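Scope of the values below: all heavy atoms of this structure, side chains included, with no hydrogens, waters or symmetry mates. No experiment lies behind these values; they were computed from the predicted model shown.
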Amino acid sequence: SDGTDPSARITTSNSAGREQPRSYEDRLARKKEFYASNKDSDQSVARINNGTRSIGSNHQQGDVEAAITTEIPKKEVEDEFDDAVKPGAFAASGLPAGQRPQWMTRARQLADATDNNNSWSSITQNSGNMTVCASSISLGSGTVAKVVDREELKQEFAQSILQDAARAEVVTVDEYKDKSWKYLCATLALAILAITIYISVWLTKKDGIHLHTSPTEVPSLAPTSSPLPTLQTITTRGKLRCAVSGNYDIENTMCKAIAGAVLGDGNKMERVIVDSSNPYDALSNQEADVATTFSKFAMDKDIFQKDTKVGFSFTCPWFYDGYVFGGQSSYLDCALKLDGFFNECNKLRICVHADEAYHAVREWFPGSIIKKVPFDKFYSSFNEGQCNVLSGLSIEVSEAVVKEHIKDVVNYTAGDLRLSKVTTAAVTTDDDAEWSNFVKWVVQSLFAAEQRNITRDNADSFITTDLFGEQYQNMFIDAIKAVGNYGTILAEDPLTSLITRPSIQKPNNGSSGLIYSFPFGEHANNIGPGPEEGSVMKNIKDRGVLRCGVLTTNDSSDWRELGKEYCRALSASLFYGNASKVEFAYLNSTQEAYKALNTSEVDLLSGSRVTLETDVKEQITGKGYAFSLPYFYGVPKGESEQSGNFTSGDSIGLVTREDDYAWSGFVFWIVSATFYAEEKGITKIFANEMPSINLFGEDLKDIYRHAIFAVGNYGEMYQKHVEDSLPRGGRNLLNKNPYRPQIKPMF
C-alpha cells in the first residue's frame, strides 16, 4: 500500500515492510511501558484517561509541547494518524463511531503526500478546499503551492493532533493519588449539597412559599399543562410567552407580531429567557408558547430533538444566514483556507459562542484552536487577544457589527466562506397543529405585506380570515400594525439595520430559483424511535404498499409524473430501495382528493397547490393538512406560453394529514433530500454519497440513499419529466451560493 487510503494502511500486511498495526488497547499498553522506562527522578507519569489519546513526558507539567516533539517516536506519530482516535471519541462533535472529522482526514492526506526531496507539498484552492498531490502535479489557475520541511511539518501535526485528541496531564504518582482523594471528597460534598437544596425546596413548597418573577420577563416557569388548545390558553391568560435569548432585538419583534395577532396588542407578551441554541426544553415543558430565538430549522430538531426526544414544528424561515469567519487579515486568510497547521497559521485561534457554530468549525479544525465563549464575551475575547478570528452568523461577524462592539478595531475583515447553512424560524411544539399553523401564517403575512407594500399605516387593507375563528379574523392586520412588514422589521432592527440587506432575505419575484434544501442538523448519533404502532408509516410497511393519490385537475401529464416520481422515492425509502411498492389513485377533483386523504384511502396527495385554506381548514373536509416543500412553482406570466393551468403564485407540493407529524416530516425531508442531492452534485449513480439518517430509527437509516438511487436528484427528475415541455427556469432553479432572493409568501 502507498498509504494514501487511511483504512488500507490499517489493514496492510507485513509484506510492505511495515509493522502490523496494533489494536488501540495494545498501543496504549506499549505507550505506558515506553513512558515508564523513561521516567525521571521525580517519578512523573502520564495519566491516561479512558477513551482518549494520551501523551507522556518525563518533563515537568506544562512542558507538554517539548514532550510532543522530542519524546514520542516518529513511528508513534504515524500510528496516531492511522488510528486517529478510539472509535466514538468524536461523538461529541456529532460524528458516528470510527468517523474522523474533516480536518483529520486532510491531515492524513497531507502526511501521506511526500515528494522526492523528502518535503511535503500542500495545494490550497482559492475556494478553501484543500487537496494534496505529489510534486509532479499540474497547478491550475488560482492555486497556491507551498513546501514545508518534513520534520517541521511532522512536529506541527503531532502538536495539533495529539493536543486535540489527548489533553494529557502530567503528574507525579503522589500528586495523582492526592488528586484522586480530592476529587472523591469534592464529589461527596456536592452530592450532600444537592440533597440539602432538594430538601429545602421541598419544604418551601410544602409551606406554601412562592417566588414571584417580573411580569414582563420570565427566566423560568413551572410547567403549566393545560387541556385547552394553545391558542385558547393564551387568549384566556392574556399574555403570550416567548422563548428568547435576550441577545437580539429582532427576537422580541417577532414575538410582538405573534402577540398582536393573538391578542390584538403586541405588548401583551412575556419573555422566557433561554439559551439561544436550545429553546426546546422551555417549549416541551410549556414554559413558553413559541420560541422566536435564532432557532435553527434543521431535520434533527424537526423530527427528534436529542434532549427532549420529540420533534418540533417550524415556520417558514424568517432569517437565512450561515456560519462564516471574520478576523485579522493574515489569520482570516488561514481560516478561509481551512489551514490551522502551517507556518503562521499554526497560531490560528477561533472564538465561537453558539454550539452550532462550534460544531461547524470543529468539523474543519482541531478543537485545540477553538475557544467557546459566552455571547457577552464574544467580541471582548477577540479584542483581548484570546483569539484572532471570530466565527458566527455572517451578521454577527460583519465589519459593521464588530465595529459597534469594538470601537477601535483595526485590520478586521469578514470572509464569505460559509461553513454551513443556518435557517432561523419560529418554533412551536408539534402536538397542536392549530397553534403551529397560526404562527406559521403570521410569519407568512409579514412576507406578503412587504410584497404588497402594506405597512403599519395601511394595514387595514390587508386580507382578513375566519379560518381560526371570528375572534381572530384581523390577526394579520393586527400583526402588521404591531411591527410593520418584514422589510420594516429588518430596517428598524438595531442589528440587521447595520448591514446591507442580503439578497437571500429579499422577496423573490420569479426570476431566480427557490429550490433550496434545509440542513440536516446533528443526526449522526441521534437515533429516533422508528415507526410507531398505528402510525401511517407503520401501516404502510405492514400493508406492503404506499397509496399515492394523484390530483389530475391542475397539472399536465409532465407535472403529474414529477409528483408520481416523488411517490416512487418514498416507496424506495420505506421499502429498502424498492420503488415499485406504490399504488396510484387518480383523483379528478380537489374535493375527491381531500376526501380520499381524510379517510385514509390514500397516504398522501401529489399535485396540490399550497394555500392558506388547505393548510388550515380545507373547505370540504373541514380539516387542516401538512405540505412538503414545493417541488414545482408556477411560471411567472409572460415567461412561457406553456404554463398549463398554473398561475404565477402557485406552489405545488405533496400533502399529508397533519395528525401524524412523523409521516408529514418524513415526506417533507425526502423532498428536501432531492434538492440537497442536486446542490451537492450527487446523482443517481452516486446515491451512496447521501448521508445516513437515524432520526426515523436505525432500520430506516438509508432512506436518502434509497430515494436518490431510485429517482435521482431534483435536476434529474425535472429533466426526465418536465424539461421537454417546460425548460427549467425561474423559481424552479436551485438557489445556491451566491444566494438569490428566497422570500416568497404562500398567500
Hey, mind stepping through Arg237 and Asp289 against salt bridge (charged side-chain N to carboxylate O under 4.0 Å, His left out) and telling me if it holds? CA-CA 12 Å; Arg237 186 198 304 141; Asp289 307 309; 2.8 Å; yes

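- Every residue meeting the ring pair (Phe, Tyr, Trp, His ring centres under 6.0 Å) condition with Tyr594, not counting sequence neighbours, appears here in chain and number order: Tyr625.
- Among residues at least two apart or in separate chains, disulfide (SG to SG under 2.5 Å) pairs with a member in residues 249-279 are Cys242-Cys255.
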One pair to check against side chain to side chain contact (heavy atoms under 4.5 Å, CB included): Leu446 and Ile489. What are the steps and the verdict? CA-CA 9 Å; Leu446 302 177; Ile489 292 171; 3.9 Å; yes

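- Ring-plane geometry between Tyr379 and Phe375 is classed as perpendicular, the angle between the planes exceeding 60 degrees on a 0 to 90 degree scale with a lower cut at 30.
- Asp493 places a side-chain N or O within donor-acceptor distance of the main-chain N or O of Thr496, the cut-off being under 3.5 Å.
- Closest approach of Ser589 to Glu592, counting heavy atoms only: OG-N, 3.0 Å.
- Of the possible polar contacts, none joining the Asp321 side chain to the Val422 backbone as a donor-acceptor pair under 3.5 Å is found.
- Annotation: side-chain hydrogen bond (donor to acceptor under 3.5 Å, both in side chains) contacts of Ser445 (sequence neighbours excluded): none.
- Looking at residues two or more places apart in sequence or on another chain, you find a side-chain contact (heavy atoms from CB on, under 4.5 Å) between Ser284 and Thr308, Phe312.
- Applying the side-chain contact (heavy atoms from CB on, under 4.5 Å) test to Ser664 and every residue at least two apart in sequence or in another chain returns Ala626, Thr656.
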Please assess Ser517 against Ser672 for the test side chain to side chain donor-acceptor pair (under 3.5 Å), listing each intermediate value before the final yes or no. CA-CA 5 Å; Ser517 73; Ser672 185; 4.9 Å; no

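- Using the six-membered ring where Trp is involved, Phe294 and Trp318 have ring planes that are perpendicular, over 60° apart on the 30 and 60° scheme.
- For the side-chain hydrogen bond (donor to acceptor under 3.5 Å, both in side chains) condition, the pairs that include at least one residue of residues 499-508, sequence neighbours left out, are Glu450-Arg501, Tyr486-Gln505, Asn508-Ser512, Asn508-Arg731.
- Ring centroids of Tyr516 and Phe675 are separated by 6.0 Å or more, keeping the two rings apart.
- With respect to Phe297, the ring-ring contact (aromatic ring centres under 6.0 Å, His included) criterion is satisfied by exactly one of Tyr320, Phe518, Phe319, Phe520: Phe518.
- Qualifying salt bridge (Lys or Arg N to Asp or Glu O under 4.0 Å) partners for Glu492, counting only residues two or more places apart in sequence or in other chains: Arg456.
- Every salt bridge (Lys or Arg N to Asp or Glu O under 4.0 Å) that Lys306 has, sequence neighbours left out, goes to Glu522.
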Check the pair Val262, Met475 against side chain to side chain contact (heavy atoms under 4.5 Å, CB included), reporting the backbone distance first and the verdict last. CA-CA 6 Å; Val262 180; Met475 55 181 286; over 6 Å; no

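- Side chain of Ser628 to backbone of Leu654: a donor-acceptor contact under 3.5 angstrom is found.
- Here the two rings, on Phe476 and Trp441, have centers that are 6.0 Å apart or farther.
- Listed by chain and residue number, Lys440 satisfy the salt bridge (Lys or Arg N to Asp or Glu O under 4.0 Å) test with Asp615 (two or more places apart in sequence, or in another chain).
- Partners of Arg657 under the salt bridge (Lys or Arg N to Asp or Glu O under 4.0 Å) rule, at least two apart in sequence or in another chain, are Asp659.
- Not one N or O on the side chain of Asp300 forms a donor-acceptor pair closer than 3.5 Å with the backbone of Gln305.
- For the side-chain hydrogen bond (donor to acceptor under 3.5 Å, both in side chains) condition, the pairs that include at least one residue of residues 463-473, sequence neighbours left out, are Thr235-Tyr472.
- Under the ring pair (Phe, Tyr, Trp, His ring centres under 6.0 Å) criterion, Tyr566 pairs with Tyr631, sequence neighbours left out.
- Side-chain atoms of Thr233 and Thr230 form no donor-acceptor pair, as typed in the model, at a separation below 3.5 Å.
- The backbone N or O of Ser461 sits nowhere less than 3.5 Å from a side-chain atom of Asn458 that would complete a donor-acceptor pair.
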